[in-house]
2 protein chains.
Amino acid sequence: MTQKKPVKSKKSDLTRAAILAAARELFTSQGFDHTTVRDVAAKAKIDPAMVIRYFGSKDELFALAVEFDLRLPDLSKVPRDAVGATLAAHYFGLWEGENRNHGLPLLMRSAASNEFAAAKMREMFGKQVAPAIAALVGPAQAAACAGLVASQLLGMAFCRHIIKLPPAVAMPRDAMIKALGQTIQNYMLPRGIKPSEP
Amino acid sequence: MTQKKPVKSKKSDLTRAAILAAARELFTSQGFDHTTVRDVAAKAKIDPAMVIRYFGSKDELFALAVEFDLRLPDLSKVPRDAVGATLAAHYFGLWEGENRNHGLPLLMRSAASNEFAAAKMREMFGKQVAPAIAALVGPAQAAACAGLVASQLLGMAFCRHIIKLPPAVAMPRDAMIKALGQTIQNYMLPRGIKPSEP
DNA sequence: CTAGAAAGTCAACGACTGTTGACATATGGA
DNA sequence: TCCATATGTCAACAGTCGTTGACTTTCTAG
């Protein structure tokens, strides 16, 4: 007899997962508008009608495909002068690590021309990034600081992975993380050095 | 009599200009895909067929709407320690100055999901930005430097004007330009400080 | 084995899109 | 005045899209 509590992986679960995986890939590489329900179905090797049956609509599918966790490291356990580099390294691990098929590249590709995706990016920033930074830099400068950090990290991802600007693509990962790490470090915990006047 | 050399502003020229202006506005605020030929025609108060007659196709209209000149200042005539701030100020003058209706916001909005727009951004970078930077920093580091500068400037525009991340929107323009100016300055002309190892 | 639910297939609808061609009107030189 | 050309209008085509409902196949509980 088939129990009902210990949910077995029914066949429908596999199909569901296949659709979601196909959708993530296509949304990531083509964006929301250029990805058709028929494309997703073809990649998942099922009928377009199934996509709608399983997820209700293209929008709901997108909303599910987008969900994910940044899994930011606990910055309070990182040496203070390594915070910038740690953050930069973690962030580009999300883009260039083993499991690349998550919501971040997907959101980035669609956010510029899709208000739902833009709102999701703002939400993710507000719930995951801002608090992590606010815990380190004090409430007064926290917002501005978080905005600056986000602009640098998102900007490099935009150049390197979205529009593929040659020098940003060619830059070795280590050098990029080092440069961005210093910038972020300076935004978050500026030294007494005071870049300009002594 | 109507002369033919000193081109008078015929009526068709006005219509053409009206179409182009309407197209720029809509492409900028909605991106390429969400802007329909019918939208443009409605905004220009003419028939959709005229848009095609005047510009051949939606793609050709987009290609024309996108053309523009960054008008970068001559960095060699700027005090070396003011290069970063000058560049940042000029760049955000393009976004927030009086004449905002040009190709840059337009490209940014569409580049993530439109290969033509992405290619145009790469071309603009290669022809206008990279040379200006290469003239200052020497060919060895020029490419990497230009990539870093672009990532920071484009990233902030993305946060502030495209997805409208609250802290990036709220940041006063002066403070933003100061912070970004320092970062860019450091990318282009790092002080003797030598960030890490000597 | 068998009835019924789950899973999958198929064709079509209605809306929207870029684009076209046939037609009407206006303009300006002869 | 008249005609050629420039300019503008209108309806429709062909294609694509998300979505739906009717149908068939597969699986499994009783």
Side-chain angles (χ1 to χ4, degrees), chain A residues 1-24 26-27 29-66 110 113-117, chain B residues 1-24 26-27 29-66 110 113-117:
Chain A
M1 72 288 295
T2 53
Q3 317 94 322
K4 290 188 177 177
K5 289 70 151 284
V7 185
K8 302 182 19 174
S9 71
K10 302 189 299 178
K11 187 166 183 207
S12 67
D13 291 335
L14 296 179
T15 314
R16 236 185 115 83
I19 296 175
L20 200 54
R24 283 218 170 92
L26 292 171
F27 282 144
S29 59
Q30 310 179 349
F32 179 83
D33 294 321
H34 291 137
T35 298
T36 72
V37 172
R38 286 169 171 86
D39 286 343
V40 174
K43 183 151 218 159
K45 290 174 187 168
I46 45 104
D47 191 273
M50 296 302 290
V51 176
I52 303 296
R53 249 248 274 272
Y54 275 73
F55 293 90
S57 71
K58 184 185 175 184
D59 292 273
E60 293 175 77
L61 172 60
F62 185 75
L64 276 186
V66 135
S110 296
S113 55
N114 183 308
E115 174 52 24
F116 176 82
Chain B
M1 67 293 287
T2 54
Q3 315 94 323
K4 291 187 177 178
K5 290 70 150 282
V7 186
K8 301 187 17 178
S9 69
K10 301 191 301 179
K11 190 168 182 201
S12 66
D13 292 335
L14 296 179
T15 314
R16 234 185 117 84
I19 297 175
L20 200 54
R24 283 217 171 93
L26 292 171
F27 282 144
S29 59
Q30 311 180 349
F32 180 83
D33 294 321
H34 292 137
T35 298
T36 72
V37 172
R38 285 168 170 86
D39 286 342
V40 174
K43 182 149 219 160
K45 290 173 187 168
I46 46 105
D47 191 273
M50 296 302 291
V51 176
I52 302 297
R53 250 246 273 272
Y54 274 72
F55 293 90
S57 72
K58 183 185 176 184
D59 292 272
E60 293 175 77
L61 172 61
F62 185 75
L64 276 186
V66 135
S110 297
S113 55
N114 182 310
E115 174 52 24
F116 176 81

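Order of the sequence lines fixes the chain letters, A, B, ..., with proteins taken first and strands second; residue numbering starts at 1 for each chain.
At D:dG8, one or more side-chain N or O atoms of B:Tyr54 fall inside 4.0 Å of OP1 or OP2 (strictly under the cut-off). The phosphate of D:dT7 has neither OP1 nor OP2 within less than 4.0 Å of any side-chain N or O from B:Thr15.
Whole-Å rounding puts the A:His34 NE2 to C:dT17 P distance at 14 Å. Put simply, CZ on A:Phe55 is 13 Å from P on D:dT19, counting in whole angstrom units. Distance, B:Ile19 CD1 to D:dT9 C1': 14 Å, rounded to whole Å. Straight-line distance from the NZ atom of B:Lys58 to the C1' atom of C:dT17: 8 Å, rounded to whole Å. Taking atom CG of B:Asp33 as the reference point, atom C1' of C:dG18 lies 13 Å away to the nearest angstrom. One can place CD1 of B:Ile46 at 18 Å from P of D:dA6, the figure rounded to the nearest angstrom. Rounded to whole Å, atom P of D:dT19 lies 11 Å from atom CZ of A:Arg38. The distance from atom CZ of B:Phe62 to atom P of C:dT17 is 17 Å, rounded to the nearest whole Å.
Contact between A:Leu26 and A:Thr35 at its shortest, heavy atoms only, is O-OG1, 3.1 Å. Heavy atoms only, all atoms of each residue included: A:Ala41 and A:Val51 are closest at CB-CG2, 4.0 Å.
Closest to the side chain of B:Ala49, out of D:dT9, D:dT20, C:dG18, is D:dT9. Closest contact between the side chain of A:Ile52 and the listed nucleotides D:dC17, C:dT19, D:dT20 involves D:dT20. Listed nucleotides: D:dC17, C:dT19, C:dG8. Nearest to the side chain of A:Met50: C:dG8.
In this structure, B:Asp59 and A:Asp47 both approach DNA chain C, and ranking their closest nucleotides by distance from the 5' end singles out A:Asp47. Mapped onto DNA chain D by nearest heavy atom, A:Thr36 and B:Arg53 fall at different nucleotides, with B:Arg53 at the one closer to the 5' end.
For A:Lys58 (side chain) and A:Phe32 (main-chain N/O), a donor-acceptor pair under 3.5 Å exists by modelled atom type.
Using a 4.5 Å heavy-atom cutoff, the side chains of B:Asp59 and B:Phe116 are not in contact.
There is a side-chain donor-acceptor pair under 3.5 Å between B:Asp33 and A:His34.
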